[in-house]
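Heads up, the thing below is written out as structure tokens.
When reading the values below, keep in mind they use all heavy atoms of this one structure, side chains included, and skip hydrogens, waters and symmetry mates. Letters A, B, ... are given to chains in the order of the sequence lines, protein chains preceding strands, and every chain is numbered from 1.
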Amino acid sequence: MRWSQTLIPTMKEVPSDAEIPSHQLMLRAGLIRQLMAGAYTYLPLGYRAIRKAAEIVRQEMDKAGAVEIFMPALQPIELFERTGRKDAFGNVLINFPIRRRDHEIHMALGPTHEEVVTDLMSKLVNSYRQLPITVYQIQTKFRNEERPRFGVLRTSEFLMKDAYSFGTSLEQLNDAYTKMYDAYCRIYSRCGLEYIPVEAESGAIGGDASHEFMIPAENGEDSIVRCTACGYAANLERADTGRQQSALAGVDSSTEVKTVDTPGMGTMDAVAEFLKVETSQMIKTLIYLADDKPVGVLLRGDHEANEGKLRRALEAETLELADELTIEEVTGAPVGFAGPTSLKCKYIVDHDVAALVDAVAGANSLDQHLTGVNPGRDFAVEQTFDLRNAVDGDPCPRCEGTMEFVHGIEVGHVFKLGTKYSVSLDAEFLDEKEKRHPLVMGCYGIGVNRIIAGLAETCHDENGLIWPMSIAPYEVELIPLNVKDEVVMQEANRIYDELTSAGVEVLMDDREARPGFKFKDADLVGIPLRIVVGGKGLKDGIAEVKWRTGSDAERIPLADAASHVIGLVQAEKSRLASG
RNA sequence: CGGGAUGUAGCGCAGCCUGGUAGCGCGCUUGACUGGGGGUCAAGAGGUCGCAGGUUCAAAUCCUGUCAUCCCGACCA
């Protein structure tokens with residue numbers, strides 16, 4: 001492709017709307033333009049990169065035995081009503097009525113396709129002999145994000161590969177899951193991405209039933225906890241803290257419990273400042289409703305409750321923070337003064353609370369707190385649990401190491417669904433004994449746009465993007481220095497033709513511009529290999545070949561330049577392909 | 001949905017406080033020079049100052065409303 005014949009609107013200046021590197025660079029390098037918040041046009045370079053990523057995904061899905069289909073983005077709202085996800089999605093589900101002849105049809109734009117695919121399989125699959133099977137598609141998804149942001153990282157419309165496995169049993173599900181997991185690893189390494197598979201909140205099935213694939217990136221929206229020693233990684237919601245049942249530290253303390261006035265101090269920070277103690281020396285008492293029964297949750301003052309862990313520890317179906325009325329009932333005080341002593345409901349204690357000595361806690365009375373509170377002595381502690389979000393420096397649950405926080409961009413999610421959708425949508429099969437069972441499902445998603453945005457976010461320098469060969473919109477950028485010089489253009493065209501007929505994707509910057517201008521644009525756009533023809537080199541009969549990441553150019557005789565570059569491209573591609 | 005910020009030419013910005021001919025840089029067009037890391041000179045094109053209403057002889061500027069975009073938070077199967 002000749003630059004003059006395509007559409008690559010590079011920009012020298014940074015558009016003021018863009019804050020993070022990927023957004024800025026994708027705009028400046030002419031990959032995308034915004035239509036409105038959360039919706040972007042992909043220009044030629046951007047779309048080529050998208051298609052390359054999608055093709056790698058497609059190849060690996062096929063290799064893993066999944067079959068490609070294509071489902072409608074338009075979906076009847078009834079399907080979402082049957083699975084209860086109309087409410088679960090809420091405002092995120094884009095849905096609307098349309099008129100058709102004399103009646104109204106209510107439809108949704110697919111945010112994902114569990115409903116549609118399960119409905120499909122319920123009609124197509126009758127027998128265990130047809131199972132297992134995994135289908136996938138690459139398709140635009142629609143979600144009314146409350147707040148689209150970070151350029152292309154969080155949009156209301158995005159390209160997603162979604163795969164769904166159907167099987168007769170947990171064994172078949174586990175097998176499909178493993179195949180997808182492995183395929184995902186191959187996909188990301190072929191895309192030249194650094195990635196971390198992390199354990200994610202898994203819902204009903206439990207265990208290791210869900211993994212997210214994260215690109216470590218400062219601007220990532222997700223918090224990951226990772227062990228520096230053994231590689232254990234999980235998202236914040238899921239991460240175990242590695243804290244164990246601790247012995248009661250303060251039973252021998254001779255400090256007596258004292259009541260102190262804390263007028264108007266209803267928050268941790270206010271009390272901490274007023275009493276000149278650290279929040280880590282305080283006991284936070286939260287009142288939850290677990291299956292509609294009040295329960296106190298005791299945490300160290302500087303920790304945050306993790307509702308997933310709470311729910312499991314309490315074996316509760318539903319869990320929500322209690323309303324003010326309930327809090328006043330069980331504590332005898334307004335919100336902000338709850339404490340573990342004299343609590344009129346049962347309570348549950350986090351591991352770290354038991355280790356506190358002479359702590360500060362609410363007094364269950366307006367404008368009063370207690371000092372010198374010791375777990376075990378001043379309130380009963382029979383058992384402790386892991387109830388909180390992990391924090392930086394927590395011990396690893398798997399080894400002796402400590403854990404650190406990393407931010408990440410979620411680029412994929414594999415999930416064992418079980419029978420949730422097959423039950424609500426009556427997707428069943430007949431086993432060998434003519435008994436009916438619901439299909440056992442898994443679902444597996446990859447955000448294709450995010451692969452591109454994630455690369456832009458993590459692979460760049462001060463001059464611009466740096467694409468891996470496998471995703472780069474073009475593999476080689478060819479720069480004739482002076483397009484008005486016939487000899488230069490003759491050589492450049494020859495090299496261009498040789499490369500193109502060998503299947504190498506070449507972008508030739510045939511614009512009439514000064515060399516420096518073209519070099520700056522070349523760096524911005526980030527094509528991995530650059531060939532320069534003209535000037536001093538031409539007089540010596542050589543072309544200059546340079547990697548985007550390299551500092552020095554190789555001088556190659558003009559006649560050999562194309563074949564040399566073909567070799568480089570092939571070597572780099574196979575390096576990425578082998579992972 | 002709560003909090004904050006910004007809307008003036010394709011991009012980046014000034015002008016607004018103190019109302020009176022809409023400006024600068026980049027980019028774009030034409031020509032000349034130049035030619036190895038975002039050139040120089042000259043001549044041009046391009047804006048109902050987000051939109052609506054109000055105040056005023058007069059509004060980019062003051063007032064009210066509204067829309068859009070961005071950031072923080074809440075939310076994110």
Which nucleotide, in any strand shown, forms a Watson-Crick or G-U wobble pair with B:G44, with both distances under 3.5 Å?
B:C28
For residues 19-26 of chain A, run the donor-acceptor check on the side chains, cut-off 3.5 Å, and write out each pair with its distance to 0.1 Å, sequence neighbours left out.
| residue | atom | partner | partner atom | Å |
| --- | --- | --- | --- | --- |
| A:S22 | OG | A:E457 | OE1 | 2.6 |
| A:H23 | NE2 | A:Y40 | OH | 3.1 |
| A:Q24 | NE2 | A:A18 | O | 3.1 |
| A:Q24 | NE2 | A:E19 | O | 3.3 |

Can you tell me if A:Q34 touches the phosphate of B:A68, counting only side-chain N or O atoms and a distance under 4.0 Å to OP1 or OP2?
no
Quick check on B:G2: is either OP1 or OP2 less than 4.0 Å from any side-chain nitrogen or oxygen of A:R147?
no
Return the value, rounded to whole Å, for the distance between atom CZ of A:R33 and atom C1' of B:U69.
16 Å
Between N or O atoms, less than 3.5 Å apart, protein on one side and nucleotides 32-39 of chain B on the other: list the pairs.
| residue | atom | partner | partner atom | Å |
| --- | --- | --- | --- | --- |
| B:U34 | O2 | A:R514 | NH1 | 2.7 |
| B:G35 | O6 | A:K484 | NZ | 3.3 |
| B:G35 | N2 | A:A513 | O | 3.4 |
| B:G36 | O6 | A:G534 | O | 2.5 |
| B:G36 | O6 | A:K536 | N | 3.4 |
| B:G36 | O6 | A:G537 | N | 3.4 |
| B:G36 | O6 | A:E544 | OE2 | 3.3 |
| B:G36 | N1 | A:E544 | OE1 | 3.1 |
| B:G36 | N1 | A:E544 | OE2 | 2.6 |
| B:G36 | N2 | A:E544 | OE1 | 2.4 |
| B:G37 | O6 | A:R530 | NH1 | 3.0 |
| B:G37 | O6 | A:R530 | NH2 | 3.3 |
| B:G37 | N1 | A:D523 | OD2 | 3.1 |
| B:G37 | N2 | A:F519 | O | 3.3 |
| B:G37 | N2 | A:D523 | OD2 | 2.3 |
| B:G38 | O2' | A:K12 | NZ | 2.7 |
| B:G38 | N1 | A:D521 | OD1 | 3.0 |
| B:G38 | N2 | A:D521 | OD1 | 3.4 |

Contact class for A:E19 (heavy atom, under 4.0 Å): base, sugar-phosphate, or nothing?
sugar-phosphate
Which part of the nucleic acid does A:S16 contact within heavy-atom distance under 4.0 Å: base, sugar-phosphate only, or nothing?
sugar-phosphate
Expressed as a whole number of Å, how far does the P atom of B:C72 sit from that of B:G10?
28 Å
Please report the distance separating the C1' of B:G12 from the corresponding atom of B:A42, rounded so that it comes out in whole Å.
25 Å
Which residues pass the ring pair (Phe, Tyr, Trp, His ring centres under 6.0 Å) test with A:H460, sequence neighbours left out?
none
Is a donor-acceptor contact shorter than 3.5 angstrom present between the side chain of A:E13 and the base of B:G27?
no
